[in-house]
Structures are given as structure tokens and as C-alpha cells.
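Below is one structure, written out as C-alpha cells; comments come after it.
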Amino acid sequence: MDYYSLNKKAKSTSFKDAVIRGLAPDKGLYFPKKISPLPKSFFETIESKSNTDIAFEAIRQFVHPEIPDNELKRIVEETLCFDFPVVELNQNISTLELFHGPTMAFKDVGARFMARCLGYFNKDNNKEVTVLVATSGDTGGAVANGFLGVKGVNVVILYPSGKVSDIQEKQLTTLGKNITALEVDGVFDDCQDMVKQAFVDEELTCKMQLTSANSINIARWLPQLFYFMFAYKALKSKYKDIVFSIPSGNFGNICAGMMAQKLGLPIKHFIAANNLNNTVTTYLATKVYEPKPSIQTISNAMDVGNPSNFIRIQEIYKNDFKKLKNNLSSYSYTDYETRQAILEIYEEFDYIADPHGAVGYLGAKAHLEIHPKAHVCFLETAHPTKFLDVVEDVVKTKVELPEQIKAVMDKKKVAAKISDYEGLKQFLLTAN
Ligand SMILES: *Cc1c(COP(=O)(O)O)cnc(C)c1O
């Protein structure tokens with residue numbers, strides 16, 4: 001499959017090249033040249049397929065022929081080494097639990113897939129690739145874990161100092177080996193800007209092969225369409241109008257859901273549930289897209305003022321505002337409302353949600369007020385213990401730490417501090 005740059009000033013390129021580059025030379029995000037819907041029979045018989053078969057068939061056209069089928073099968077199997085349960089709270093609301101992977105957030109899926117693609121492309125290559133990634137919380141841990149020990153790949157993670165949870169920080173600063181964490185004096189958008197600047201800095205790019213593992217990278221972004229299909233498989237026999245409510249930050253997850261729909265998955269509608277970082281909510285209400293500095297909230301993985309994947313959504317709808325609005329609604333919630341939602345979910349359904357999932361739940365409820373017959377599945381994007389302080393404070397009960405989390409809590413944090421782009425550049429030039 002060929003990919004073109006959404007800035008339209010760089011040449012189209014192969015899947016392999018797009019994965020290795022991350023961002024196109026004109027700073028544009030890559031987008032597949034063609035999206036061919038899967039046959040209707042694929043969805044009619046989806047219950048009889050395994051998750052790995054679904055994923056293999058769904059992603060094949062996007063990586064063919066650069067990854068041969070037998071390798072792709074292996075990559076998909078290794079990526080999906082955990083469960084994706086759908087928990088029904090009642091007739092109208094369910095949640096898709098995306099936190100059963102090694103770092104307990106949905107980003108494990110994209111990170112594991114991407115690491116394996118890069119590992120495959122790099123197997124006969126002596127040149128090292130440096131993966132540079134900005135994280136608002138969960139990306140760092142998932143990428144660190146997914147890439148740990150992958151031959152020929154060094155990972156450098158930038159995270160905003162004091163703005164990720166303790167557990168998140170441990171997950172990305174304690175692995176060592178080919179993983180380095182840089183603690184940035186700033187907010188997530190500063191980290192993201194620094195990463196973007198590095199990609200277009202010729203002094204760096206002529207010395208080293210840099211790539212990104214944010215959802216701007218197609219190999220991180222596209223596999224996220226898998227679990228929309230898994231959720232459909234679980235819900236289709238019971239419910240007709242299936243809507244997804246997606247707690248959104250950089251809008252990679254929701255945009256992958258829209259790709260699943262493009263492939264023919266019968267999804268009725270999408271809800272982008274936001275915290276106070278509401279650039280898209282405002283856009284849908286006013287038609288004015290105005291990026292803002294990010295605001296710190298308790299759902300910190302969504303503290304994004306200028307969501308990088310929104311441009312891909314615009315491409316899917318060919319910039320047709322009306323079409324987009326027919327398929328996408330967006331709501332924004334305060335931290336107070338989010339806490340109330342965690343409490344409500346706990347008291348009404350005996351279920352403990354994390355702050356991101358709770359925002360998704362609020363989006364689901366808002367949709368049901370207008371469409372009471374719909375079935376809305378909200379994505380539970382991280383395990384509640386990753387946000388232990390908030391969750392325990394609200395539900396007033398102790399939450400048991402899962403094994404994956406216990407394992408990192410006692411390890412020692414190792415991170416270098418930087419405060420600006422020069423700091424990053426010096427680090428990269430001297431570390432390699
Ligand atoms: C990254 C993340 C999000 C936001 O996902 P996007 O694809 O950036 O919209 C939501 N919840 C959690 C827990 C996350 O880690």
C-alpha cells in the first residue's frame with residue numbers, strides 16, 4: 001500500500017518507508033492511498049472468527065506486500081496476546097476494556113504492532129533507528145514496553161515533568177536497556193512540538209534515522225481499528241445501532257474507529273468525549289478550528305490542545321463538515337463531572353472506571369438522551385489503578401493493584417532533564 005502526505009508536498013511512499021519516517025518530509029501525516037472495504041460476508045460471519053483472524057484480514061491491505069502474510073500473522077498474534085472484553089453495564093451502555101495488555105492502556109496494541117513491524121523491517125539492517133516519542137502519559141509506557149529489546153531500535157521518550165501519574169512515570173523510566181526517558185520542563189504540547197521539530201532538523205536527520213511512535217505513525221495508529229471490530233463481534237447479536245464513545249486526546253483512537261467503519265464495520269455513530277481540552281467539541285459547534293494550549297486535567301492522557309490526528313479525520317470526510325457532523329458528536333467535561341461519573345458508575349453498576357473511561361461514559365449518556373434506543377459502547381482506555389489517587393479518593397475504597405503495576409512500583413526512576421529543543425538535540429547528538 002502506498003501512503004501520501006496530508007500536506008501534499010512530499011512524494012507518496014511505501015508502508016515500510018512511512019513507518020520508518022513517521023512523519024513525511026513536508027511534516028505531513030501519512031494517509032493510505034486507497035481504502036478497500038472488506039466483503040459484507042466478513043462482518044456477517046465475524047462471530048466465527050478469532051481476533052487474530054479479524055485483525056489479519058483487516059490490516060492486510062495496508063501493509064501488503066511489504067510484510068508477507070506469514071510474517072503479518074505472527075506480528076498480529078504477538079500483538080494481540082491479551083483479552084478485549086466487553087462489559088455490559090445495562091441494555092444501553094457497555095464498555096470495551098482495552099487495559100489488559102502489559103502497560104494496561106490501549107496503546108499497548110499500537111505499540112506492540114509497530115515495534116514488530118519495525119523489527120521486521122530492520123532485521124537485515126545495520127543502521128540503528130531512533131524512535132522519538134512524546135507522551136502525555138500512556139504512550140511512553142506502552143512504547144517502552146513494546147520496543148524493549150527490539151534489535152536495532154533505540155527509544156527516547158519525552159514526558160512533561162509532574163504531569164503524568166506516578167505509575168505512568170515508573171512505567172516509562174524504569175526499563176533501561178534501549179529505552180531512555182527525558183523529563184521535560186513543560187506540558188505535553190511542548191514535548192510534541194520538540195519531537196516534530198527534531199524530525200525536520202536536517203542536522204539531526206542526516207546523522208540518524210529518526211521515527212516516531214506517536215499515533216502520527218501509521219503503524220501505531222492503524223492497528224487500533226482492530227478492537228472496534230472485536231467489540232462489534234461481541235455486541236452484534238444483541239444490539240442493532242452500535243455507537244462508540246471514545247475518550248479522545250490526539251484523536252488517533254477515534255480516527256482508527258472511523259477507518260474500521262470505512263472498511264465496512266457497521267458503526268452507527270461516533271462520540272468524541274473530551275475533558276476541558278475541547279478544540280474539537282468547539283469546532284463541531286462553531287466550525288472554527290482553533291488549537292489551544294493544553295489544560296491539565298485528571299484525565300491527563302487527553303490533555304491535548306491541538307490533536308494531531310484531526311487532520312486525518314478531515315481527510316476521511318474530505319473536509320465535508322456536514323458529513324463529519326452526521327457521523328461524529330463531541331462533548332466536553334470538567335474534572336468535577338468526571339469525578340461524579342466515576343462515583344455514579346461505581347454506585348449504579350458496581351464498576352470502577354478510570355477518569356478517561358468516565359469521560360467516555362459521560363459522552364455515552366449525553367448521546368442516549370437524544371437517542372434512547374442506541375447502544376453505546378464507551379472505551380475504557382486505561383486500568384483504573386493507573387490513576388489510583390483520583391479513583392480511590394472518589395470511590396472511597398482500596399483498589400487492588402494488578403501484577404503488571406506492582407512489578408514497576410519499586411523500581412528506580414531514571415530520567416534526564418531537559419527544558420528546551422536545544423536540550424533534546426544535544427542529548428540526541430551526544431547519545432549516539
Ligand atoms: C492516549 C490515551 C487517550 C487518548 O487517545 P487518543 O488516541 O490520543 O485520542 C485516552 N485515554 C487514555 C488512557 C490514553 O492513554
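Keep in mind that this is a model prediction, so the values were computed, not measured. Along the sequence shown, residues carry numbers from 1. Counting starts at 1 for both ligands and their atoms, following the listed order.
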Among all protein non-hydrogen atoms, which one is nearest to [atom], and what is the separation to 0.1 Å?
atom: atom 4 (C) of ligand 1; answer: Gly249 N, 3.5 Å
atom: atom 14 (C) of ligand 1; answer: Lys107 NZ, 2.7 Å
atom: atom 12 (C) of ligand 1; answer: Thr381 OG1, 3.3 Å
atom: atom 5 (O) of ligand 1; answer: Phe106 CZ, 3.4 Å
atom: atom 7 (O) of ligand 1; answer: Asn253 N, 2.9 Å

At less than 4.0 angstrom from any non-hydrogen atom of [X], what atoms of ligand 1 do you find?
X: Pro247; value: 4 (C), 10 (C)
X: Gly252; value: 6 (P), 7 (O), 9 (O)
X: Asn250; value: 6 (P), 8 (O), 9 (O)
X: Met302; value: 10 (C)
X: Asp138; value: 12 (C), 13 (C), 14 (C), 15 (O)

- Query: If we only count N/O pairs under 3.5 Å, is Ala105 in contact with ligand 1?
  - Reply: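 Between Ala105 and ligand 1, no N or O pair is found under 3.5 Å apart.
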
- Relative to the ring of His269, is the ring of His367 parallel (under 30°), tilted (30 to 60°) or perpendicular (over 60°)?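 Parallel: the ring planes of His367 and His269 meet at under 30°.
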
Salt bridge present between [X] and [Y] (N-O < 4.0 angstrom):
X: Lys73; Y: Glu78; answer: no
X: Glu403; Y: Lys406; answer: yes
X: Asp303; Y: Lys163; answer: no

- Would you call Arg116 and Val150 a side-chain contact if the rule is heavy atoms closer than 4.5 Å?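 Answer no - side chains too far apart.
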
Could you pull out all donor-acceptor pairs under 3.5 Å where a side-chain atom in residues 250-267 meets a protein atom, sequence neighbours excluded?
from   : atom 1 : to     : atom 2 : distance (Å)
Asn250 : OD1    : Ser308 : N      : 2.8
Asn250 : OD1    : Ser308 : OG     : 2.9
Asn250 : ND2    : Gln192 : OE1    : 3.2
Asn253 : OD1    : Tyr227 : OH     : 2.6
Gln261 : OE1    : Asn327 : ND2    : 2.7
Gln261 : NE2    : Ile267 : O      : 3.0
Gln261 : NE2    : Asn327 : OD1    : 3.2

- Does the ring centre of Phe62 sit less than 6.0 Å away from the ring centre of Tyr3?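 Between Tyr3 and Phe62, the centre distance exceeds or equals 6.0 Å.
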
- Indicate, with yes or no, if the rings of Tyr239 and His375 have centres closer together than 6.0 Å.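 Close enough - the centres of the two rings lie under 6.0 Å apart.
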
